Amino acid sequence: MNPKVKLGAVAVLAAVAMAASSVAGATTAVAAPAAGARAALAAPDLSVANIQAHLNQFQSIASSNGGNRVSGSAGYTASLNYVKGKLDAAGYTTTIQNFSYNGRTHSNLIANWPSGPASPTLMLGSHLDSVSAGPGINDNGSGSATLLELALNVASLKPNLNKHLRLAWWAAEEAGLVGSKYYVQNSGTSGIDTYLNFDMTASPNPGYFVYDDVPAIQKVFNDYYASKNIPTEIETEGDGRSDHTGFKNAGVKVGGIFTGAETRKTSAQAAKWGGQANVAFDRCYHSSCDTTSNINATALDINADAIANAVWKLGVTDAPSNDYSLSVNPASATVQAGSSTTATLSTQTTSGSAQSVSLSASGAPSGTTVSFSPSTVTSGQSSTVTVSTSAGTPAGTYTINLNGSAASGAKSASFRLTVGGQPPTDDYSVSVSPSTVTVQQGASATATVSTAVTTGNSRSVSLSASGAPSGTTVSFSPSTVNSGDSSTLNVATSSTTPAGTYTITVTATGPVTHTATLTLTVNGGQGGNEWAAWKTYAAGDIVTYGGSSYRCIQGHTAYPGWEPPNVPALWQRI
């Protein structure tokens, strides 16, 4: 949950917990379906044990990467790769949407389920990043892990959908909803009928809060909780303070659920839901103690099934549908550049009637062609795939997507191609030491760029740099070296260089090109300006407020009520 959110939360009565047993497992309807059709499935009972296993992975990733999963960091990237790997294996079409913010590259993960109609789209999202102070297992590992487990259940059950299903794991939410806003502004919301947001679904002292933006969507959630004898409240304190904001502002119908952040539970709420009155819904909100021990498993389980129920109510139909599958055998091959290989791409009718499937390929390396014989089949038939490389195809391993397009939707099977080749006769390595430097605004720092011959002979190498923040110059002395020699890198900031942490990429261009990185942290000068609402601050900025000085510890846009003494997650008194 973004720091601007000062939300109510969810605590669960022991009696409620027992009453809120999960939705019945997937079953087939008794009535006989039409020939070749599949009966409707009930909403799945999502395994809380599986969701907790995903949370354990997020915890392990954070522990191995400085204790957090901040957007743009190694911990975030490892979290994204974990989720993407599960989705790819389950058959989703995944896309990483990169964008730059505050001197770093950040990545949204978008997943589309290939079956079902092309539109309209039912989209679900959760932010995957944490704050720098902790691993973010409730905020928002809980929503992200639940969304992943739901996606895997959809892939396993293959329900008949009346909407296209798209899921997103957002970057940089904690920096001001940056990832979801970037998606809305750059990918657009055309075709998206509904967006559901899940941010903090397992607070340790939980309450059950439901977004009230769209009454029909609110009713879906309220009806489910009522069936479990769980009272709900309207979620108000965090309205517009999580990733649904951009979609709502673009005119998309939005909904979601929430279990609360640092707001304290009232006596009336404790009487309703259990838990502790006058204690925060999440006592570890934006703190180092937001670990796997900060999760209320009962709330996690109840809310996971509420989410699955909502997806089934809003996106699953009883009507039979035509569908097919796509597979390739063998799934990989190794060739020398200039050679070719073949594989068999098979289709199968999995429900309904057979349909025409057009075949194509994407992702082949340069100098490579992929052909199909035949290029159009009826589901149930197969095609011979020929992958032909040229002498100029670069050596390496590539994933070629073999695509099927039919009336029921698009599908893809992956073919892994390894192209052999000779390594460069003359090659070298490049490194920067130290790899991390910290300076005040207006100061400079140096590092040594070292090269070493790894194969063959020493060759001339030219050095350049990219990624430096505004008001900063990077120079090399000398700017051209022979591989095996070194150069002094000088980074000079100015008084206008924004405070923050940046990744400068050093590029060495010779017989081949190599890169190395230098992490530059620029601290703001002392005695900053008076704090002001609605102003955007970067990490390291210094302000004064009430006669005291504060340093910004997390980039954000200041909102009324976020005065430095009130938000220790954003400002540190100095």
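All of these numbers come straight from a predicted model, not from anything done at the bench.
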| task | Ignoring hydrogens and angles, tell me if any N or O in the side chain of Thr557 forms a donor-acceptor pair with the backbone of Lys535 under 3.5 Å. | result | no

| message | Can you classify the ring geometry of Tyr82 versus Phe58 as parallel (below 30°), tilted (30 to 60°) or perpendicular (above 60°)? | response | perpendicular

| Is any side-chain heavy atom of Ile137 closer than 4.5 Å to a side-chain heavy atom of Asn294? | no

| said: Within the 3.5 Å criterion, strictly below it, is a donor on Asn403 or Ser412 matched to an acceptor on the partner's side chain? | reply: yes

| task | Starting at OG of Ser477, measure out to CG of Leu463 and round the result to the nearest 0.5 Å. | result | 10.5 Å

| request: List the steps and the verdict of side-chain contact (heavy atoms from CB on, under 4.5 Å) for Ile96 and Thr94. | output: CA-CA 7 Å; Ile96 295 177; Thr94 60; over 6 Å; no

| said: What I'd like to find out is whether the side chain of Tyr195 reaches to under 4.5 Å of the side chain of Val184, using heavy atoms alone. | reply: no

| Exercise: do Thr399 and Ser414 side chains pair donor with acceptor under 3.5 Å | no

| query | Do Ser383 and Ser375 come close enough that some side-chain heavy atom pair is under 4.5 Å? | reply | no

| Would you say the side-chain atoms of Ser119 pair up with the backbone N or O of Gly191, donor to acceptor, closer than 3.5 Å? | no

| Do Ser444 and Asn490 pass the side-chain contact (heavy atoms from CB on, under 4.5 Å) test, and can you show the C-alpha distance, the side-chain angles, and the key distance before you say yes or no? | CA-CA 7 Å; Ser444 62; Asn490 184 74; 4.2 Å; yes

| message | Within the 4.5 Å heavy-atom criterion, are Thr146 and Phe198 side-chain neighbours or not? | response | no

| said: Is any side-chain heavy atom of Leu124 closer than 4.5 Å to one of Leu150? | reply: yes

| task | Could you tell me whether the side chain of Thr292 reaches within less than 4.5 Å of the side chain of Gln52, counting heavy atoms only? | result | no

| field | Approximate separation, where rounding is to 0.5 Å, of Asn108 CG and Ser187 OG | value | 8.0 Å

| said: Distance check, rounded to the nearest 0.5 Å: Ile61 atom CD1 versus Ser130 atom OG? | reply: 11.0 Å

| Just wondering, are more than 12 heavy atoms of other shown residues or ligands nearer than 6.0 Å to NZ in Lys411? | yes

| Which atoms form the tightest heavy-atom contact between Ser429 and Thr454, and what is the distance? | N-CG2, 3.8 Å

| field | Backbone N/O of Ser339 and side chain of Thr389: donor-acceptor pair under 3.5 Å | value | yes

| Backbone of Asn98 reached by a side-chain donor or acceptor of Ser107 within 3.5 Å | no

| Which atoms form the tightest heavy-atom contact between Gln336 and Gly420, and what is the distance? | OE1-CA, 3.6 Å

| task | Quick one: pull up CZ in Phe476 and OG in Ser486 and give me the separation to the nearest 0.5 Å. | result | 12.5 Å

| said: Closer than 3.5 angstrom, by distance alone: can the side chain of Tyr428 be matched with the main-chain N or O of Ala508 as a donor-acceptor pair? | reply: yes

| Is there a donor in the side chain of Ser293 and an acceptor in the side chain of Thr291, or the other way round, less than 3.5 Å apart? | yes

| said: I'd like to know if the side chain of His106 and the backbone of Tyr101 have a donor-acceptor N/O pair within less than 3.5 Å. | reply: yes

| said: Please tell me whether Tyr545 and Trp571 form a close aromatic pair, meaning their ring centres lie under 6.0 Å apart. | reply: no

| task | For Asp129 and Glu174, indicate whether the former's side chain and the latter's backbone hold a donor-acceptor pair under 3.5 Å. | result | yes

| request: Under the side-chain contact (heavy atoms from CB on, under 4.5 Å) rule, what do Ile400 and Val385 come out as? Steps first, then yes or no, please. | output: CA-CA 11 Å; Ile400 299 175; Val385 185; over 6 Å; no

| message | Keeping Thr455 on the side-chain end and Asp427 on the backbone end, is there a donor-acceptor pair under 3.5 Å? | response | yes

| said: side-chain contact (heavy atoms from CB on, under 4.5 Å) for Phe99 and Val178? Distances and angles first, verdict last. | reply: CA-CA 9 Å; Phe99 60 94; Val178 181; 3.6 Å; yes

| field | OH-CG distance between Tyr92 and Leu165, expressed to the nearest 0.5 angstrom | value | 5.5 Å

| salt bridge (Lys or Arg N to Asp or Glu O under 4.0 Å) with Asp88: which residues, sequence neighbours excluded? | Lys84

| note | Closest non-hydrogen contact found for Gly409 with Tyr324 is O-OH, 3.0 Å

| Do Glu173 and Asn140 touch side chain to side chain, with heavy atoms closer than 4.5 Å? | no

| Atom OG in Ser346, atom CG in Leu326: separation rounded to 0.5 Å? | 8.5 Å

| task | Can you see which heavy atom on Thr201 is nearest to which on Gly143, and at what distance? | result | OG1-N, 3.9 Å

| Distance-only, no hydrogens or angles: does the Trp169 side chain make a donor-acceptor pair with backbone N or O of Leu80 under 3.5 Å? | no

| query | So, Thr393 side chain and Gly367 main chain: donor-acceptor pair closer than 3.5 Å or not? | reply | yes

| request: Say whether Thr493 and Thr472, considering side chains only, have a donor N or O and an acceptor N or O under 3.5 Å apart. | output: no

| Close side-chain approach of Thr544 to Ser549, heavy-atom, < 4.5 Å | yes

| field | Test salt bridge (Lys or Arg N to Asp or Glu O under 4.0 Å) applied to Arg459 - qualifying residues, sequence neighbours left out | value | Asp426

